[in-house]
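No experiment lies behind these values; they were computed from the predicted model shown.
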Amino acid sequence: MKPLRFFSLLLLILVLTPALFATDFGLRGGRYNDIGEEFVGAEVVFDAGSININPNLEYSLAEDITAGSANIDLTFDLGNFGRATPYVGAGVGLWYVDDDAGDNTTDLLGNLIGGVQFDLDFLKPYAQLKYFRLIDDDDNGGTGDDIAFTIGLRF
């Protein structure tokens, strides 16, 4: 039975190792256009060829509310142009808001993304534009969308 466990563990390591080495960690910051607030965040990018899986968190720096989002986005690289790699993508996430009055909401949102990443050896700075919209924005009178201007650094 022990050889089977050893073989299973070895197989698991061999399968997961490429995925771990194809992972970039990153920090991001930016500004929500309509809300008019800055945000900071963190992300992980799993490189699967020209498609990337990008789970990320963003936290709003607004003074009067606690707000943020947890997203999972899929991006598609549009090719390499020297050291620049433009990409497009889409994703889903959860948007959380807790205001000073103690009211809080959590809403499902959809993301559309476009950006460009620069490959500088071990650092990968990028600029990104993200349009996001609350999936069920009836409670917001149809104003549950915004654009986020983001810059980040992956390593």
What's the shortest heavy-atom distance between Ala70 and Leu57, and which atoms? CB-CD2, 3.5 Å

Do Leu61 and Val40 have side chains that get closer than 4.5 Å, going by heavy atoms? yes

Quick check: closest heavy atoms across Leu27 and Ala42, and the distance to 0.1 Å? CD2-CB, 4.3 Å

Say whether Asn33 and Asp146, considering side chains only, have a donor N or O and an acceptor N or O under 3.5 Å apart. no

Tightest non-hydrogen contact, residues Gly49 and Asp77, listed as O-OD2, 3.9 Å

Identify the residue among Leu108, Thr105, Asp107 that makes a side-chain contact (heavy atoms from CB on, under 4.5 Å) with Leu134. Asp107

More than 12 non-hydrogen atoms from neighbouring residues, nucleotides or ligands closer than 6.0 Å to CD1 on Ile151, yes or no? no

Less than 6.0 Å separating the ring centroids of Trp95 and Tyr59? no

Check Arg28 against Asn56 and note the closest heavy-atom contact, atom names and distance. NH1-OD1, 3.6 Å

Taking Asn54 for its side chain and Val44 for its backbone only, find out whether a donor-acceptor pair lies under 3.5 Å. yes

Work out which heavy atom in Pro86 is nearest to a heavy atom in Gly79; give both atom names and the distance. CD-O, 3.4 Å

By side chain to side chain contact (heavy atoms under 4.5 Å, CB included) - contacts of Asp121 (at least two apart): Arg83

Quick one: are Asn71 and Leu109 in side-chain contact, heavy atoms under 4.5 Å? yes

Quick one: do the Glu58 and Tyr32 side chains pair a donor with an acceptor below 3.5 Å? yes

So do the side chains of Ile147 and Leu129 get within less than 4.5 Å of each other, counting heavy atoms only? yes

Rounded to the nearest 0.5 Å, what's the gap from CG on Asp119 to CZ on Arg154? Could you check? 10.0 Å

Separation between CD of Glu43 and CD1 of Ile72, rounded to the nearest 0.5 Å: 12.5 Å

Pairwise distance CG(Asn104) to CG(Asp98) - rounded to 0.5 angstrom: 5.0 Å

Between Thr85 and Asn80, is any side-chain donor less than 3.5 angstrom from a side-chain acceptor? yes

Gln128 side chain near Ile113 side chain, heavy-atom distance below 4.5 Å: yes

Is there a path of hydrophobic side-chain contacts, each under 4.5 Å between heavy atoms, that joins Leu112 and Phe149? yes

Side-chain donor-acceptor pair present, Tyr131, Asp145, cut-off under 3.5 Å: yes

Any non-hydrogen side-chain atom of Phe76 less than 4.5 Å from a side-chain atom of Ser50? yes

Aromatic Phe39 / basic Arg31 pairing, under 6.0 angstrom, 45° off normal: no

Atom CZ of Phe155: over 12 foreign heavy atoms under 6.0 Å: yes

Scanning both residues in full, the closest heavy-atom pair of Glu37 with Ala62 reads OE1-CA, 3.5 Å

